[in-house]
2 protein chains.
Amino acid sequence: MTRDAATGHRPGRFHLNAFLMSTGHHEASWRLPESSPDHTSTDLAYLQRLARTAEDGLLDSVFFADGPGLRSDVGRRPAGSLDPLIVLTALAAATERIGLIATASTTYNSPYNLARRFASIDIVSGGRAGWNVVTTAGPDVARNFGLDDQPAHAVRYQRAAEFLDVAYKLWDSWDDDAVLGDKEQGVWADARKIHPAAHVGEHFSVAGALTTPRSPQARPLIVQAGSSEDGRTLAARYAEAVFTAHQTLGDARAFYADLKTRTVAAGRDPQGVKILPGIVPVLGSTEAEALAAERELDELIVPEYARRQLAATLRVDPEDLPLDRQLPADLPDEDEIEGAKSRYTLIVELARRERLTVRELIGRLGGGRGHRTLAGTPEQIADALQEWYDAEAADGFNVMPAVLPRGLEEFTGHVVPILQERGLFRTAYEGTTLREHYGLERPASRYPSSTAGARTTAELAGVGA
Amino acid sequence: MTRDAATGHRPGRFHLNAFLMSTGHHEASWRLPESSPDHTSTDLAYLQRLARTAEDGLLDSVFFADGPGLRSDVGRRPAGSLDPLIVLTALAAATERIGLIATASTTYNSPYNLARRFASIDIVSGGRAGWNVVTTAGPDVARNFGLDDQPAHAVRYQRAAEFLDVAYKLWDSWDDDAVLGDKEQGVWADARKIHPAAHVGEHFSVAGALTTPRSPQARPLIVQAGSSEDGRTLAARYAEAVFTAHQTLGDARAFYADLKTRTVAAGRDPQGVKILPGIVPVLGSTEAEALAAERELDELIVPEYARRQLAATLRVDPEDLPLDRQLPADLPDEDEIEGAKSRYTLIVELARRERLTVRELIGRLGGGRGHRTLAGTPEQIADALQEWYDAEAADGFNVMPAVLPRGLEEFTGHVVPILQERGLFRTAYEGTTLREHYGLERPASRYPSSTAGARTTAELAGVGA
């Protein structure tokens, strides 16, 4: 591990993404007196306010999770959501520099349409688009798309890899200099510099070129958030940022080392993938104040909602999860889970390791859904982030405020300045694209740039083929 | 036909949509000295300028055509395009009142995703979204979606009808008062007021409810543009505005009467569908100036591009279309065409009726692609529009300027004021939604609004079901 000689710290800076979700990541956040029931993920003015706060704090990016289906527990917390690519586009108009990342499913989209939408957003945002690639777990969503159940976990991941292969071809389909605009000869674009995808694979056949010129970033930043074996394999091949959930430094370091090793094995630069564990900050001007705020939130949880969700995740009957007992001993292995494997294991291991009752487990999950809750002063939170960064457990963090907008305002207002003082975070945006924020290059095209020699109008325009 | 006693004119006002496309609808418009090769349908700043011009002119709406595939003749004219729903969202941020209509395919989308996207745009635009429903002709696009060829015309239209049925269910899936925001009881939404689509049909099975609350317009304005038998049937059942192409007053009146009759037969109010023939205005301060401008454009057409396209449409070899002869006698019947049927017939009838040579036909199609070109002074164009409106050939017009941005600026600057003076067009926006601009009601939900009686938290929140 390299260290700065003067400070003893890992050199460089880290990255911060703000994961935005209605009134905050704590499931009871909407019940606080300060929260508005209208502050949902369908309220554009509110989402714009959050994105501007993140941008004022110089964060690398904002992020929206997504699934193309409505949760069944609509009473529990704000449940509505807009299509996240529509949200990114609307936020592109309301911001200048911050990166814009959205989840989209490789299981319930077609590669041509989705690659085209991300290229379009990259163009209208001036190179600020990112795509969190998910395979979308669960039978409920599958039934919105003509299926009786979700495809098997392994099949979903095979499809995801091929989906990305097709998308990469499509994003390279126009050379950067394909448009000639030659009014004299009457040739708008050089057909030789536009490349059909010509993809024939197991899951997809896509013949043509995209309708969009090569975008400012060439392709969106590719984000991945599954930590299962299949998820890690996909991340090592394609991901440029990884959102992940770890409760302990040891787990986070092991994941970090494993994914960097896999990335190298996949023939990529390990610096080309940025690993960002989730943290749920609950800030106070004293530690006691922060802990009180956390307690206030936990007390607002209606346990019945969470117990039913936990039972569904664990594949047991809710009646088998008495609130004041530990989890039953005979739960399925991760291998048997076709849904969100790594999340399943994280929950079971957390409960077993800390011998939590169902009620306690619900409290922990209600705050951060498996992510690490950090309740404390700005100084304490900055220390905690620095510790993980120095220990090579993280290249940055996925910031998931328990309560929004306040938690984000407090984080950018009080934690970010400490990180800046310590030289750990930027004091101004240095680039204009999302890739530049994350210190990543614009990918080269797979096609060698053509050297235009003698040409006829018909050749150029594709009418003589 | 009702007439105003004082003026002898048909009472009321008509509607104007601006059909926006890169440097204009004339295929050679991009070659004019005034045109920028960068003024494409991927240049957001340019599209925003066009939309603002249309809004300054108080037009009902702007519209973008679309197909999810790149044209093969990329030399001919600006060929790139963004995803049109991304464009609508970006334009929503840049405008206040004007309606925003985009084409999307029922053949190459899934109803859950597309219904969700239109609901999202309707929400972020404050009720200004419109959807031009198309079935997307042609094998090239089919090959971008894993098919070897396009589904048959009749199958595409059956799928379109079922697609709309599903979308309508999804758009009603939240009652307007579904969100309670009841912090006290901890119930965010009333599960009894959210209705799963529960659709099982021939082409689609969609189980769940949409993720979006019922939008300002409840559903986007439904637009339809196919004039084949199948297209008219679909329009009569679902369309609220129809874009259509007619060269003669007789044809336009016959189409208008037929579609209104079919709409009544489908159990709908004939006022509930607005019929908007396309017009391609070429303006001049004198008629001679306008005709010279039209001639200048036609002379910039490279005939080889158009001849190849015409040959593909007519299913003949380009060699069989000598430029200075009329069309061959033995062309296929419309019945044999699986692509864009009504367009095929329009072209063949135009050529036969006016005994046009291939070169002349190409000139006519190069300007308006089958739509009616009107070259003249603002007064002459206003007269032509008024004539068709008075004769019940139109409820308004789809304005397709030959050259953009100039043609739109001239139309709003010189033709609109004449129409306003004659009482034929609004002098201010009276409503805020696209439906209001077109004089249409917000549709009622299919579900009777529930009368909330005694309830338990579990009932409300869907956890006790």
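Throughout, a chain's letter reflects where its sequence line sits, starting with A, and its residues are numbered from 1.
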Would you mind checking which part of [X] comes under 4.5 Å of any heavy atom in chain A, side chain (CB onward), backbone (N, CA, C, O), both or neither?
X	value
B/N144	both
B/L147	neither
B/D122	neither
B/P33	backbone
B/L82	both
B/F145	both
B/R77	backbone

Beyond-backbone contact of [X] with [Y], side-chain heavy atoms, under 4.5 angstrom:
X	Y	value
B/P68	A/T211	no
B/S205	A/R143	no
A/W174	B/L70	yes

Name the member of [options] that forms the most heavy-atom pairs with chain A at distances under 4.5 Å.
options	value
B/S36, B/G181, B/S120, B/P318	B/S120
B/V141, B/V166, B/D66, B/V200	B/D66
B/H199, B/E184, B/H203, B/R117	B/R117
B/A79, B/G67, B/A209	B/A79
B/S35, B/A92, B/P111, B/A93	B/S35
B/T89, B/L300, B/L44	B/T89

(message) A quick test of your reading: do over 12 heavy atoms of other residues, nucleotides or ligands sit less than 6.0 Å from CG of A/D317?
(response)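 More than 12 heavy atoms, drawn from other residues, nucleotides or ligands, come within 6.0 Å of this atom.
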
(request) Step through the shown structure and confirm whether more than 12 heavy atoms of other residues, nucleotides or ligands are within 6.0 Å of CD on A/E34. (result) yes

Identify which part of [X] has an atom lying under 4.5 Å from any heavy atom of chain B, answering side chain, backbone, both or neither.
X	value
A/L32	backbone
A/T40	side chain
A/I86	both
A/L210	backbone
A/S110	side chain

(message) If the threshold is 4.0 Å, N to carboxylate O, is there a salt bridge linking A/R31 and B/D182?
(response)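 Here A/R31 does not pair with B/D182 in a salt bridge, since their nearest N and O are not under 4.0 Å apart.
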
(message) Only pairs of heavy atoms separated by less than 4.5 Å count here; which of A/I121, A/N113, A/D140 has the most with chain B?
(response) A/N113

(request) Among the options A/G69, A/A90, A/A94, pick out the one with the most heavy-atom pairs lying under 4.5 Å from chain B. (result)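 The option with the most such pairs is A/G69.
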
(request) Starting from the C-alpha separation in whole Å, work towards a yes-or-no answer on side-chain contact (heavy atoms from CB on, under 4.5 Å) for B/W188 and A/R76. (result) CA-CA 6 Å; B/W188 184 74; A/R76 186 175 185 180; over 6 Å; no

(message) For the residue pair B/S81 / A/R116, report whether a side-chain donor-acceptor contact shorter than 3.5 Å exists.
(response)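 Judged by distance alone, the side chains do pair up.
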
